[in-house]
Colleague: 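What follows is a single structure, and I will ask about it in a moment.
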Amino acid sequence: MTKKTQLAAAEAARLAMDVSSEKQATDIVMLDMRGPSAFTDYFVILTAESRRQMQGLIEDIDKALDSAVMTLHHREGTTDGGWVLMDYGDMVVHVFAPEEREYYNLEHLWSQATVLFRIQ
């Protein structure tokens, strides 16, 4: 019997990015939040072009991270609201609709964070 081990936060963030890219999300960014934030180590921010795609991305990311023994501690927002936050503790995934991504502009808000990876 193989025992599953929890991924490190950086690996989990990369997995979330990979799933997002495979599912056609756009403007996927991984931010290193360890300097400017005390509440998490990494943000993954991505854009879904439709509410249906957003729902699919949320489900697929959660399924992949659950398989990697990452526990979803908290989820906020709705696809109808255009922003869903998925909190895995040391890593937080933000799934945005285009208008909400532009409006909230998290990369600017957290400009002290280092961009580690970007997939456009």
Side-chain angles (χ1 to χ4, degrees):
M1 180 185 289
T2 304
K3 181 180 176 183
K4 291 184 180 180
T5 57
Q6 183 173 1
L7 290 181
E11 292 172 313
R14 284 302 312 253
L15 177 58
M17 289 186 73
D18 290 345
V19 170
S20 300
S21 179
E22 289 171 10
K23 299 298 179 176
Q24 307 301 313
T26 58
D27 198 13
I28 308 164
V29 178
M30 179 177 168
L31 298 179
D32 184 344
M33 300 298 292
R34 292 173 292 181
S37 162
F39 62 88
T40 194
D41 291 344
Y42 301 98
F43 272 2
V44 174
I45 306 168
L46 57 113
T47 303
E49 297 303 319
S50 69
R51 302 298 192 234
R52 185 173 180 189
Q53 182 191 26
M54 181 182 280
Q55 186 60 46
L57 282 162
I58 293 162
E59 291 170 5
D60 291 342
I61 291 167
D62 191 47
K63 183 177 179 181
L65 291 174
D66 184 60
S67 294
V69 195
M70 296 296 294
T71 302
L72 179 62
H73 298 290
H74 184 72
R75 178 177 160 178
E76 289 184 30
T78 65
T79 56
D80 288 337
W83 180 10
V84 174
L85 177 147
M86 302 165 71
D87 181 358
Y88 291 90
D90 292 337
M91 190 263 304
V92 176
V93 178
H94 298 271
V95 182
F96 281 103
E99 303 81 29
E100 287 77 6
R101 172 85 180 259
E102 185 177 337
Y103 178 80
Y104 289 105
N105 198 1
L106 292 186
E107 292 97 326
H108 178 72
L109 181 64
W110 292 100
S111 61
Q112 310 91 333
T114 302
V115 175
L116 297 176
F117 299 100
R118 180 180 294 270
I119 302 171
Q120 294 187 336

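Residue indices begin at 1 and follow the sequence shown.
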Colleague: Angle class for the Trp83/Tyr104 ring planes (parallel below 30°, perpendicular above 60°, tilted otherwise)?
Modeller: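 Rings of Trp83 and Tyr104: tilted, as their planes differ by 30° to 60°.
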Colleague: Report the C-alpha separation of His94 and Val44 in whole Å, then their side-chain angles, then the decisive distance to 0.1 Å, and conclude whether the side chain to side chain contact (heavy atoms under 4.5 Å, CB included) test is met.
Modeller: CA-CA 6 Å; His94 298 271; Val44 174; over 6 Å; no
Colleague: Considering non-hydrogen atoms only, spot the tightest contact between Ala9 and Met91 and give its length.
Modeller: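 Taking Ala9 first and Met91 second, the nearest heavy atoms are O-CG, 4.1 Å.
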Colleague: Can you tell me how far CD1 of Ile61 sits from CG of Leu15, rounded to the nearest 0.5 angstrom?
Modeller: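 Atom-to-atom, Leu15:CG and Ile61:CD1 are 9.0 Å apart.
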Colleague: Please answer: with hydrophobic residues joined when any side-chain heavy atoms are less than 4.5 Å apart, are Ile119 and Leu106 in the same cluster?
Modeller: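 Ile119 does not cluster with Leu106.
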Colleague: Counting distance only, does the side-chain N/O of Thr40 pair as donor-acceptor with the main-chain N or O of Gly89 below 3.5 Å?
Modeller: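 Confirmed, Thr40 side chain pairs with Gly89 backbone.
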Colleague: Sorted by first residue and then second, give each side-chain hydrogen bond (donor to acceptor under 3.5 Å, both in side chains) pair with at least one member in residues 111-120; sequence neighbours left out.
Modeller: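 Of all non-adjacent pairs touching residues 111-120, those that pass side-chain hydrogen bond (donor to acceptor under 3.5 Å, both in side chains) are Asp27-Arg118.
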Colleague: How many angstroms lie between CD in Gln55 and OG1 in Thr79, if you round to the nearest 0.5 Å?
Modeller: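 Gln55 atom CD to Thr79 atom OG1 measures 5.5 Å (nearest 0.5 Å).
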Colleague: Ignoring hydrogens, what is the shortest heavy-atom contact between Tyr42 and Ala13? Give both atom names and the distance.
Modeller: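 Closest approach of Tyr42 to Ala13: CB-CB, 4.2 Å.
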Colleague: Which heavy-atom pair separates Met17 from Phe117 by the least distance, and what is that distance?
Modeller: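 Smallest interatomic distance, heavy atoms only, reads CE-CB, 3.6 Å.
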Colleague: What's the separation between atom CG in Leu65 and atom CD in Glu11, rounded to the nearest 0.5 Å?
Modeller: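 Those atoms lie 11.5 Å apart.
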Colleague: For Thr26 and Ile28, what are the C-alpha separation, side-chain angles and deciding distance, and is it a side chain to side chain contact (heavy atoms under 4.5 Å, CB included)?
Modeller: CA-CA 6 Å; Thr26 58; Ile28 308 164; over 6 Å; no
Colleague: Which atoms form the tightest heavy-atom contact between Met30 and Arg14, and what is the distance?
Modeller: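 Closest approach of Met30 to Arg14, heavy atoms only: SD-CD, 3.9 Å.
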Colleague: Measure across Met70 and Ala12 and return the closest heavy-atom pair with its distance rounded to 0.1 Å.
Modeller: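 Smallest heavy-atom distance, with atoms named: CE-CB, 3.8 Å.
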Colleague: Nearest 0.5 Å, please: how far is OH in Tyr88 from NE2 in His74?
Modeller: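 If I round to the nearest 0.5 Å, the distance is 12.5 Å.
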Colleague: Taking the side chain as everything from C-beta on, heavy atoms only, tell me whether Leu46 gets closer than 4.5 Å to Val93.
Modeller: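 They are in contact (side-chain heavy atoms under 4.5 Å apart), so the answer is yes.
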Colleague: Students often mix this up, so state it plainly: with edges at 30° and 60°, are the rings of Phe39 and Trp110 parallel, tilted or perpendicular?
Modeller: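 The rings of Phe39 and Trp110 stand perpendicular, inter-plane angle above 60°.
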Colleague: Where the side chain of Glu107 meets the backbone of Ala113, is there a donor-acceptor pair that is under 3.5 Å apart?
Modeller: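 No; zero donor-acceptor contacts below 3.5 Å.
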Colleague: Main chain of Ala16, side chain of Ser20: is a donor-acceptor contact present, judged purely on distance under 3.5 Å?
Modeller: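 Side chain of Ser20 to backbone of Ala16, a donor-acceptor pair under 3.5 Å: yes, one is there.
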Colleague: Rounded to the nearest 0.5 Å, what separation is found between the OG1 atom of Thr47 and the CD atom of Glu100?
Modeller: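 Interatomic distance, Thr47 OG1 to Glu100 CD, rounded to 0.5 Å: 10.0 Å.
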Colleague: Please determine if Asp60 and Lys23 form a salt bridge, counting it only when a charged side-chain N lies under 4.0 Å from a carboxylate O.
Modeller: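 Looking at Lys23 together with Asp60, the answer is yes, because their closest N to O distance falls below 4.0 Å.
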Colleague: Applying side chain to side chain contact (heavy atoms under 4.5 Å, CB included) to Val115 and Leu31, what does each step give before you reach the verdict?
Modeller: CA-CA 5 Å; Val115 175; Leu31 298 179; 3.6 Å; yes
Colleague: What's the separation between atom CG in Asp66 and atom CG in Leu72, rounded to the nearest 0.5 Å?
Modeller: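 Spacing of CG (Asp66) from CG (Leu72) equals 9.0 Å.
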Colleague: Tell me, please, which residues at least two apart from Arg75 pass salt bridge (charged side-chain N to carboxylate O under 4.0 Å, His left out).
Modeller: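 Arg75 satisfies salt bridge (charged side-chain N to carboxylate O under 4.0 Å, His left out) with no residue once adjacent residues are dropped.
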Colleague: Less than 4.5 Å apart, side chain to side chain, heavy atoms only: is that true for Leu85 and Val92?
Modeller: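 They are in contact (side-chain heavy atoms under 4.5 Å apart), so the answer is yes.
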Colleague: Quick one: does Thr71's side chain have a donor or acceptor within less than 3.5 Å of a partner on His73's backbone?
Modeller: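 Absent.
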Colleague: How close do Val29 and Arg101 get, heavy atom to heavy atom, and via which atoms?
Modeller: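 Where Val29 meets Arg101 most closely, the heavy atoms are CG2-NH2, 3.7 Å.
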